[in-house]
J.: 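Quick one: structure below, then a few questions.
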Amino acid sequence: MLIKLSKASDCKESEITPESLYVSRRAILGGSLAALAATALPRWAGAADASRYADVEAGRAPGWFSDKLAATKWQAVTAPGEAITPFKDATHYNNFYEFGADKGDPAANAGSLKTEPWTVVVDGEVGKPGRYALEDFMKPYQLEERIYRLRCVEAWSMVIPWLGFPLSALLKQVEPTSKARFIRFETLQDPKSMPGQRSSFALIDWPYIEGLRLDEAMNPLAILAVGMYGRELPNQNGAPLRLVVPWKYGFKSIKSIVRISLVEAQPRTTWQAIAPEEYGFYANVNPEVDHPRWTQARERRLPSGLFSPNVRPTQMFNGYAEEVAGLYSGLDLRKNY
Ligand SMILES: Nc1nc2c(c(=O)[nH]1)N[C@H]1C(S)=C(S)[C@@H](COP(=O)(O)O)O[C@H]1N2
Ligand SMILES: [Mo]
């Protein structure tokens, strides 16, 4: 398989819809021309850090992350003409059921998650299985910034600048055997730090599991992220390591990963196990195939409020058809939702 970003995705830094859009809109809304003048010039040429984005809350990055950040490759895939979602919305409107079922719960509760030290296990059908401290796991990879749309199956969406590396690079490292057909991911299971795992009415059979077909995992758009908005991942967004598959509904992008397994059989994934009629294994964003309880033709782009719901049409494969449609040629996308 040819691993190459298509022309449509591969674009120059100067073409990126930068924070200036978001910043200037805020400045205009706030009526402050001085703020506009001070912030409208994006600092693309400068440091690869959070100062490039407006209103980013500083984190406490581990040393290995800061070193990687300094060497980040700005190979952005963008959502052309679309503003980056404000950091505040991206970090306070979340789904992370381990920390509660309400959108504000992850931000309120994920502080209890201990991300250092963090161990990642790679096992199953691989030539090179291993158990790594996260900083060792990360050693072979250079970070890239990828600005992607994220479309939740619940019909809201955001545009997020991720920092991560292609999942294909990991697969190259671990050498899948000829039996490997799927990749399976597992989130941390720790009821002590994850109140959602202690809740007696939780319908989720923990730990949270997700998976991809191996050829999907090899697609250059699929990344493992360790940061966003020029800093390390906030806990509520899946620190310290999460998957991002931008052409699929958000639930595929599993957070706080502790185990990655190459397997022969299609994994039994969390949402598919809970409601197979509503959530499929593929979960490709598709405006033509509705969820049984709501339309998937449109989405609310955050920030979205009562007076400006900010509704827009949903795009096939979330706008990444050129890169990924080929993975599904011959597959009935109505049956394989
Ligand atoms: N472990 C785990 N991963 C998860 C979830 C979850 O509840 N637990 N929610 C998913 C859903 S439904 C979405 S939409 C995205 C949301 O990612 P965000 O909060 O960073 O926007 O995370 C996905 N990953
Ligand atoms: Mo979601």
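Indexing begins at 1, ligand by ligand and atom by atom, following the structure's order. These numbers were taken from a predicted model, which means no experiment stands behind them.
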J.: Would you call E98 and K255 a salt bridge, using N to O less than 4.0 angstrom?
T.: no
J.: Taking side chain as C-beta onward, heavy atoms only, is F65 less than 4.5 Å from L163?
T.: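 Yes, at least one pair of side-chain atoms sits under 4.5 Å.
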J.: Does the ring centre of F251 sit less than 6.0 Å away from the ring centre of Y279?
T.: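 When the ring centroids of Y279 and F251 are compared, they turn out to be within the sub-6.0 Å range.
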J.: Look at atom 9 (N) of ligand 1 and say which protein heavy atom is nearest, naming residue and atom and giving the distance to 0.1 Å.
T.: N95 O, 3.2 Å
J.: Any atoms of ligand 1 less than 4.0 Å from a non-hydrogen atom of S253? List them with their elements.
T.: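 Result: 22 (O), 23 (C), 24 (N).
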J.: Does Y93 have K88 sitting over its ring (NZ/CZ under 6.0 Å from centre, angle to axis within 45°)?
T.: no
J.: Please list, in number order, the atoms of ligand 1 under 4.0 Å from a heavy atom of E98.
T.: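 Near E98, meaning under 4.0 Å from one of its heavy atoms, ligand 1 has 1 (N), 2 (C), 6 (C), 7 (O), 8 (N).
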J.: Measure up the Y229 and F87 rings against each other and bin them: parallel (under 30°), tilted (30 to 60°), perpendicular (over 60°).
T.: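 Judged by the thresholds at 30° and 60°, the geometry between Y229 and F87 is perpendicular.
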J.: Based purely on interatomic distance, does N237 place a nitrogen or oxygen under 3.5 Å from a nitrogen or oxygen of ligand 1?
T.: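 Checking ligand 1 against N237, an N or O pair does fall under 3.5 Å apart.
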J.: Looking only at heavy atoms, is any part of R242 under 4.0 Å from ligand 1, and if so is it the side chain, the backbone, or both, or is it neither?
T.: side chain
J.: Report, in ascending order of atom number, the atoms of ligand 1 lying under 4.0 Å from any heavy atom of T187.
T.: 1 (N)
J.: Is it the case that K103 and N94 place a side-chain donor and acceptor less than 3.5 Å from each other?
T.: no
J.: For residues Y249 and W271, establish whether the separation of their ring centroids is below 6.0 Å.
T.: no
J.: Answer yes or no for R149 and Y320: cation-pi contact, defined as NZ/CZ to six-membered ring centre under 6.0 Å and angle to ring axis within 45°.
T.: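 Yes, R149 and Y320 form such a contact.
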J.: Give the atom numbers and elements of ligand 1 that come within less than 4.0 Å of a heavy atom of Y208.
T.: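 By the 4.0 Å cutoff, the relevant atoms are 1 (N), 2 (C), 3 (N), 4 (C), 5 (C), 6 (C), 7 (O), 8 (N), 9 (N), 10 (C).
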J.: If you count the atoms of ligand 1 from 1 in the order shown, which ones are under 4.0 Å from a heavy atom of C152?
T.: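 Those qualifying, in numeric order: 14 (S).
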J.: Please report whether ligand 1 has a polar contact with K255, defined as an N or O pair separated by less than 3.5 Å (distance criterion only).
T.: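 Among all N and O atoms of K255, at least one is under 3.5 Å from an N or O of ligand 1.
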J.: Suppose we measure from atom 15 (C) of ligand 1 to each protein heavy atom; which comes out shortest, and what is that distance?
T.: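 Of the protein heavy atoms, G250 O, 3.5 Å lies nearest.
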J.: Hey, which atoms in ligand 1 end up nearer than 4.0 Å to a heavy atom of M158?
T.: 21 (O)
J.: Treating T269 as the side-chain partner and I209 as the backbone partner, does any N or O pair qualify as donor plus acceptor under 3.5 Å?
T.: no
J.: Could you point out which residue of Y328, Y148, Y282 forms a ring-ring contact (aromatic ring centres under 6.0 Å, His included) with F317?
T.: Y328
J.: Could you say whether the N/O atoms of W156 and ligand 1 ever approach to under 3.5 Å?
T.: no
J.: Just to be sure I read this right, does ligand 1 sit under 4.0 Å from the backbone of N94, its side chain, both, or neither, counting only heavy atoms?
T.: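 The answer is both, backbone and side chain.
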J.: Does any N or O atom in Q236 lie less than 3.5 angstrom from one in ligand 1, N or O only?
T.: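 No; the residue has no nitrogen or oxygen that sits under 3.5 Å from a nitrogen or oxygen of the ligand.
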J.: Answer with side chain, backbone, both or neither: which part of Y97 has a heavy atom less than 4.0 angstrom from an atom of ligand 1?
T.: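 Both of them.
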